[in-house]
There are 2 protein chains.
Amino acid sequence: METRTNIESCSCSVIHEEVISKVRDTMPDEETLYDLAELFKVFGDTTRIKILCALFESEMCVCDIAALLDMNQSAISHQLRVLKQTRLVKHRKDGKVVYYSLDDEHIKQIFDQGLVHIKEK
Amino acid sequence: METRTNIESCSCSVIHEEVISKVRDTMPDEETLYDLAELFKVFGDTTRIKILCALFESEMCVCDIAALLDMNQSAISHQLRVLKQTRLVKHRKDGKVVYYSLDDEHIKQIFDQGLVHIKEK
DNA sequence: CTGTTAATTCATCATATGCTTATATGTTCA
DNA sequence: TGAACATATAAGCATATGATGAATTAACAG
């Protein structure tokens, strides 16, 4: 017979107390979970993914990206701001031109892991 | 002097034609980009992340997860549906109880890569 | 069959998101 | 200075999303 859980609101439960403790111990704190969700949210939009794909190859100015993706400059600027806030891209200014580039080596790895998942299914 | 790009709408561009070609060649097709965005969108919510964290430890029934996360069962069921559609979780039915578990070995890797990113900054 | 429990589905609401247009800021150069 | 250009920002709109409560389906026990 299974040991009953301490989750009172659930009478069908068969999970053990040790599993409950383990989950509670390994679950990141609220702030980390929030940041993690924010990070993945950023990857959850095709426009931003396209921008990252472009920046995988080279740094680019805003209008280069806009032209390459065939989107207007405002929309790109808007999304670059999101990417900047999540520290996925960085920028340098040269006169009136702002060049954006990747700010993290893990980006491509996260991206590639995602690709592996969808390609397998 | 830099070779000028073929992106006409942009007069400040300094990126080379070969970069443009490379981006266009390596950029996944629209459908893949869409699926990829959908996948990451799923990770972009703390409730779903918590569910995945719970399932990292053990398979669980819906009410176990609900009790563990202190949320109502309808909300959990709703999110499990999303996770099921993206094939991140699978389920088996035993009588009236439905047990959910992870359906992909990459999930934890994607999750951990995300953690590395936010921990470093 | 009836009542109970587990899970799902539906309708609704509040909030968040992404894009557009218009405007503002900032830089260069004639 | 002021015109042209690059970028950023603001306001507004349509759509998407997540949670809730109520209703529904399904399995089982008496």
Side-chain angles (χ1 to χ4, degrees), chain A residues 4-5 7-15 33-34 37-52 59-86 89-101, chain B residues 4-5 7-15 33-34 37-52 59-86 89-101:
Chain A
R4 258 323 188 45
T5 173
I7 297 182
E8 303 86 3
S9 58
C10 175
S11 65
C12 72
S13 172
V14 291
I15 62 171
L33 287 171
Y34 180 83
E38 285 303 301
L39 173 67
F40 286 123
K41 233 176 258 181
V42 172
F43 284 96
D45 175 80
T46 52
T47 299
R48 287 190 291 263
I49 293 182
K50 286 178 188 172
I51 293 175
L52 293 175
E59 72 165 11
M60 287 183 200
C61 65
V62 179
C63 64
D64 269 340
I65 300 170
L68 199 52
L69 305 190
D70 193 26
M71 290 184 65
N72 80 64
Q73 168 268 345
S74 176
I76 299 299
S77 184
H78 174 68
Q79 297 301 354
L80 282 170
R81 190 187 192 205
V82 175
L83 291 167
K84 199 162 53 183
Q85 280 171 342
T86 336
V89 303
K90 58 181 188 284
H91 65 289
R92 70 179 177 87
K93 208 166 176 182
D94 182 13
K96 57 188 167 187
V97 183
V98 180
Y99 294 95
Y100 282 86
S101 57
Chain B
R4 259 321 189 45
T5 173
I7 298 181
E8 304 85 3
S9 58
C10 176
S11 65
C12 71
S13 173
V14 291
I15 63 169
L33 286 171
Y34 181 83
E38 286 302 302
L39 173 66
F40 286 124
K41 232 176 261 182
V42 172
F43 284 96
D45 175 80
T46 52
T47 300
R48 287 189 292 263
I49 294 181
K50 286 178 188 172
I51 293 175
L52 293 175
E59 74 166 9
M60 288 182 199
C61 65
V62 179
C63 64
D64 269 340
I65 301 171
L68 198 52
L69 305 190
D70 193 27
M71 290 183 65
N72 80 63
Q73 170 259 8
S74 174
I76 298 299
S77 182
H78 173 68
Q79 297 301 354
L80 282 169
R81 190 188 192 203
V82 175
L83 291 168
K84 199 162 54 183
Q85 280 170 342
T86 335
V89 303
K90 58 180 188 286
H91 65 289
R92 70 179 176 86
K93 206 166 177 182
D94 182 13
K96 57 187 165 185
V97 182
V98 180
Y99 293 95
Y100 281 87
S101 57

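So you know, we letter chains A, B, ... as the sequences are listed, proteins then strands, and number each from 1.
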Q) Nearest to the side chain of B/Gln73, which nucleotide is it out of D/dA6, C/dT8, C/dG26? A) C/dT8

Q) Which nucleotide sits closest to the side chain of A/Asn72: C/dT21, D/dT9, C/dA7? A) C/dT21

Q) For the pair made of CD in A/Gln85 and C1' in C/dA16, what is the distance, rounded to whole Å? A) 14 Å

Q: May I ask you to verify if any side-chain N or O of B/Thr47 is less than 4.0 angstrom from the OP1 or OP2 atom of D/dG18?
A: no

(Q) Name the residue from B/Lys84, B/Lys90, B/Glu59 that meets the side chain to side chain contact (heavy atoms under 4.5 Å, CB included) definition with B/Tyr100. (A) B/Lys84

**Q.** Listed nucleotide nearest any side-chain atom of A/Gln79, set C/dA6, C/dG18, D/dC5
**A.** C/dG18

(Q) As an exercise, state the distance from CD1 of A/Ile76 to SG of A/Cys61, rounded to the nearest 0.5 Å. (A) 11.5 Å

Q | Nucleotide nearest A/Ser74 (side chain, heavy atoms from C-beta), chosen from C/dT8, C/dT20, C/dA7 | A | C/dT20

Q.
Let's see if you can work this out: which of C/dA7, C/dG18, D/dA19 has an atom nearest to the side-chain heavy atoms of B/Met71?
A. D/dA19

Q: Measure from CG on A/Asp94 to P on C/dT28 and round the result to the nearest Å.
A: 8 Å

Q) Taking CZ from B/Phe43 and C1' from D/dT17, how many angstroms apart are they, rounded to a whole number? A) 18 Å

Q | CG on B/Leu33 to CD on B/Glu38, rounded to 0.5 Å | A | 12.0 Å

Q) Taking only N and O in the side chain of B/Tyr100, is any of them less than 4.0 Å away from OP1 or OP2 of C/dT8? A) yes

Q. Of the nucleotides D/dG18, C/dA7, C/dT27, which has the atom closest to the B/His78 side chain?
A. D/dG18

**Q.** Interatomic distance where CD1 belongs to B/Ile76 and C1' belongs to D/dA19 [whole Å]
**A.** 11 Å

Q: Please state how far atom CD1 in A/Ile65 lies from atom P in D/dA8, giving the value in whole angstrom units.
A: 10 Å

Q | Atom-pair distance (NZ on A/Lys93; P on C/dT25), nearest Å | A | 13 Å

Q) Phosphate oxygens OP1/OP2 of D/dT9: is one of them under 4.0 Å from a side-chain N or O of A/Arg81? A) yes

Q. Quick one: B/Asp45 CG to D/dA16 P, roughly how many Å, whole number?
A. 17 Å

Q) Closest nucleotide of DNA chain C for B/His91 versus for A/Gly95: which of these residues is on the 5' side? A) B/His91

Q: Could you check how far CG of B/Leu83 sits from P of C/dA7, rounded to whole Å?
A: 16 Å

Q. Among D/dA8, C/dG26, C/dT8, which nucleotide sits nearest the side chain of A/Val62?
A. D/dA8

Q.
Can you tell me how far apart CZ (B/Arg48) and OG1 (B/Thr86) are? Round to the nearest 0.5 Å.
A. 7.5 Å

Q: Kindly assign one of parallel, tilted or perpendicular to the pair B/Phe40 and A/Phe40, based on the angle between their ring planes and the thresholds 30° and 60°.
A: parallel

Q) Rounded to the nearest 0.5 Å, what separation is found between the CD1 atom of A/Ile65 and the CD atom of A/Gln79? A) 11.5 Å

Q. Choosing from C/dT5, D/dC5, C/dA7, which nucleotide comes nearest the side chain of A/Lys96?
A. D/dC5

Q) Where the side chain of A/Ser77 is defined as all heavy atoms beyond and including C-beta, which of D/dA6, D/dA27, D/dA8 is the nearest nucleotide? A) D/dA8

